[in-house]
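Because only heavy atoms are used, hydrogens play no part in the values below, and waters and symmetry mates are left out as well, while side chains stay in. Reminder, nothing fancy here: chain letters follow the sequence lines and each chain counts from 1.
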Protein chains: 4
Amino acid sequence: MGTLQRKVRERRARRQAIQAAAVQVFGDKGYSRATMEDVARQAELSVGTIYLYYRSKEELYVSLLFESMQRFREGIEKIMATGLSPDRQLKRVWDYFYAYHLRYPQSYRVLLFLQQPGLPAGLSPKTLQEINVRAARNFSLVSRIVAAAMAKGIYRSHEPREVVDLLWSLFLGLVHPAETRQNLGITISTLRDLHRKAFRWLEDGLRVK
Amino acid sequence: MGTLQRKVRERRARRQAIQAAAVQVFGDKGYSRATMEDVARQAELSVGTIYLYYRSKEELYVSLLFESMQRFREGIEKIMATGLSPDRQLKRVWDYFYAYHLRYPQSYRVLLFLQQPGLPAGLSPKTLQEINVRAARNFSLVSRIVAAAMAKGIYRSHEPREVVDLLWSLFLGLVHPAETRQNLGITISTLRDLHRKAFRWLEDGLRVK
Amino acid sequence: MGTLQRKVRERRARRQAIQAAAVQVFGDKGYSRATMEDVARQAELSVGTIYLYYRSKEELYVSLLFESMQRFREGIEKIMATGLSPDRQLKRVWDYFYAYHLRYPQSYRVLLFLQQPGLPAGLSPKTLQEINVRAARNFSLVSRIVAAAMAKGIYRSHEPREVVDLLWSLFLGLVHPAETRQNLGITISTLRDLHRKAFRWLEDGLRVK
Amino acid sequence: MGTLQRKVRERRARRQAIQAAAVQVFGDKGYSRATMEDVARQAELSVGTIYLYYRSKEELYVSLLFESMQRFREGIEKIMATGLSPDRQLKRVWDYFYAYHLRYPQSYRVLLFLQQPGLPAGLSPKTLQEINVRAARNFSLVSRIVAAAMAKGIYRSHEPREVVDLLWSLFLGLVHPAETRQNLGITISTLRDLHRKAFRWLEDGLRVK
DNA sequence: TATGAATGAGTGTTCATTCAT
DNA sequence: GATGAATGAACACTCATTCAT
């Protein structure tokens, strides 16, 4: 006994090793241009083995997506557990977005695939539903911080979910062009600056003065 | 007489018909998943015919990109020609972004492909350079509006280009999640609202009070 | 009246113009890599027009072949009409081969296509038969010169046709490697020398001493 | 144990099976008209599998070429190792040419593709260079035999390389028309005879009398 | 008669997925 | 479980041939 547990543990470890490899490859080449062969090579496994753990390329991708979302979620929860004031928590979340993108650029990129037009055509409705639910979960987590700030009279009253949408929008929007310009061969050093200013501006509009 | 002119006119018309079809297909399926066969079917032409007008799939895509950029540019120029005060011009540009995305959603999506990781690997350096130049041209157009507003003391002094980056970021960010959620099968009706509020907030931070 | 004659004359002229263009193109690129578009461009005509004069790419190629053979034939006949002694005539023919290949390299190359494996697959039996007959005609012309030299006791007695085969073989063999090396990027200047020596050697074996 | 070795052995066997199929197909249809599908069908494999062993059609063709050259080389080396007198060695080489062409007609034909005009356009400079080097290697091997015969006073003094060129030329020339006539649907039985006579003639011119 | 735009079958090549070992 | 050789359906692109003008 305990054998089963070991089996499960090993299986999970394998899956994570494959995911780690896949994040690199998908992040580098994009979903379409990445091949299962690439992933296998990166993971130092054979193609066949990948298929023992993931039914298809798509499923592998989706698992990465869930992984990223999960990591985000955990980061936010940790911030919420600090007991800081809501506005400082929000600032931390904002910074966490930035740090995440910097620390796990490939993982961040995986999130972006969702925005590719035509992607849903390849994903099953059930999968889409699941993605949806998980995304909503993360959003509502941040919403709770914003709502708290409003309840405490730190921020003016708004629909908290709208504020979160805006924040996330701004963040995506800030990073995207930076990525694009990287695509175009230009590096941008002012992203960090821009990122800070953007928050200050936006939060300024929120605060009760 | 006039035969040559007719030829030229017809050729241009054909190219536009192909572009129209391509925008649909690329917009729906994305660059990688779209096939030349798809485009041909949509245009009610044969594959070979497409290649009479565009040398490659890439060239076809790039032509769409340039078309979009050009249209953006013209929209902005028209606004600048109105002689309105710079801050009202900026508001109009902001609204124009929104209207454009609403009116030509597929064309707008074409712009987004640039942000796909791994895309540049498929484009020639020369093409990337050209894209770059054209993008910069559009950005500097809006920058001039912002700079004018600062010169007139309407806005506080900032680096105009940074402000434009921020605006564009916010816009992209606002639309992206909306698109994503559309991907996920949810329609969002509050985008218009959010779009208006976002501008008010951001501009508020800019204005000299 | 006379109109018909003019028509015929013009048609022949067109055909020749097309042939001239085709020889260039086929000679440069080889049969497979040459396109009808290439030929049309070279002839400053439209593709459609070519098809008014030749039913297919193959037929065009065959017409070039016949043209080359005819030219060879005429050259040999001219030499035979000089009334020179048969051995001097043979020397002249040998030199003519060389001169022809130098003067009309493209036309010469067209002759070589016959040796491409797989070519017959594309040619109709009737065409093959016709090519055959014409080739034989040229060979027998030279055979008559050799036979005359034997009859006059200048050369030892052999099967004349075999001798001609050998001569032609040697010639082809001499030029081919030169072409090959040109293919490989090396130019050979000694071909002319080799060509002269080869004849002297071979003829030496033929002469009654 | 031995697994790796078996793998290597099997891989080599597969490659050879594909080569065998390719020689048939290329020999029959020529380089351009042969398709990878043809090769796959002949090898009783799928197209994809061919590409597991050869990167491209060109590489497959070049491998056949090198194979042929190598086989030629080995044949010549075996003759040189006999210790026979140089003139008898040369006779053997000459016979070997003939035997080779008879035994491996398709393989022989593969060598001829090099002479197709326009072929080099499809081959990379690096490949051409390599072909060049290997061809030269084979030629210089035979040159050494001829040079030895001259050194021993059996043959008159000439540039050995020129003599070899001539021999090879003659051989090619002899076989080509035979091939051509086969193309044209005629079989020739006198080739063997012609082949013998041609050598006698040529060598006669070489010998010190 | 001349045009050249349109066609569509065909080509080399890639890659997600399967399966015998 | 693990492997990686094999598969075959796609895909981008070409080009001989046709036909409306």
Rounded to the nearest 0.5 Å, the CG atom of D:L64 sits from the OH atom of D:Y61 at a distance of 8.0 Å
C:I50 CD1 to E:dT1 P, in whole Å, measures 15 Å
Side-chain contact check for A:K57: nearest option of E:dA2, F:dT3, E:dA16 is E:dA16
Quiz: residues 39-53 of chain D side-chain donor-acceptor pairs under 3.5 angstrom, not counting sequence neighbours:
from	atom 1	to	atom 2	distance (Å)
D:S46	OG	D:T49	OG1	3.0

Within 6.0 Å of CZ in A:R11, more than 12 heavy atoms from elsewhere: yes
note: D:E10, atom CD; F:dA5, atom P; distance rounded to Å ~ 10 Å
By side-chain hydrogen bond (donor to acceptor under 3.5 Å, both in side chains), C:S107 pairs with (sequence neighbours left out) C:S68, C:Y100
Mind checking D:R14 for me? I need base, sugar-phosphate or nothing, with any heavy atom below 4.0 Å counting as a touch.
sugar-phosphate
Phosphate contact (E:dA5 OP1 or OP2) by B:Y53 side-chain N/O below 4.0 Å: no
Item to check | N or O in side chain of B:R55 less than 4.0 angstrom from F:dA12 OP1/OP2 | outcome: no
Does the side chain of A:T49 get closer than 4.0 angstrom to OP1 or OP2 of F:dT3 through an N or O atom?
yes
**Study point:** C:R33 and C:D28, any side-chain heavy atoms less than 4.5 Å apart
**Key:** no
Whole-Å distance, D:Y61 OH to E:dT13 P, equals 15 Å
D:L60 atom CG is separated from E:dT11 atom C1', nearest whole Å, by 15 Å
Expected list for residues 34-46 of chain A near DNA chain E, using heavy atoms below 4.0 Å, is A:A34, A:T35, A:M36
Q) Is the cationic atom of C:R109 (NZ for Lys, CZ for Arg) positioned less than 6.0 Å from the six-membered ring centroid of C:F26 and within 45 degrees of its normal? A) no
Distance col, row B:R15:CZ vs B:L60:CG, nearest 0.5 angstrom, shows 9.0 Å
Legend entry - B:Q19 side chain reached by B:Y54 side chain, heavy atoms, under 4.5 Å: yes
So CD of C:E130 and CZ of C:F66: to nearest 0.5 Å the spacing works out to 4.5 Å
Just by distance, do the side chain of B:K29 and the backbone of B:Q24 share a donor-acceptor pair under 3.5 Å?
-> no
Taking only side-chain nitrogens and oxygens of C:R33, does any of them come within less than 4.0 Å of OP1 or OP2 of F:dC15?
no
Taking for C:L52 and for B:R11 the nucleotide of DNA chain E with the nearest heavy atom, the one nearer the 5' end belongs to C:L52
Between CD of A:E58 and C1' of E:dC15 the distance, given in whole Å, is 16 Å
Mind listing the N/O atom pairs, protein and nucleotides 19-21 of chain E, below 3.5 Å?
none

When rounded to whole Å, the CD to P distance for the pair B:E59 and F:dA12 reads 15 Å
Q) Salt bridge check: are C:E10 and C:R14 linked by an N-O gap of less than 4.0 Å? A) no
The side-chain hydrogen bond (donor to acceptor under 3.5 Å, both in side chains) partners of C:T35 (sequence neighbours excluded) come to C:D38
Atom NZ of D:K29 and atom P of E:dG10 are separated, to the nearest Å, by 11 Å
Rounded to whole Å, CD1 of A:I18 lies from P of F:dG1 at a distance of 11 Å
Read 5' to 3' with Watson-Crick or G-U pairs under 3.5 Å, [ ] for crossing pairs and | for partners on another strand, DNA chain E gives .||||||||||||||||||||
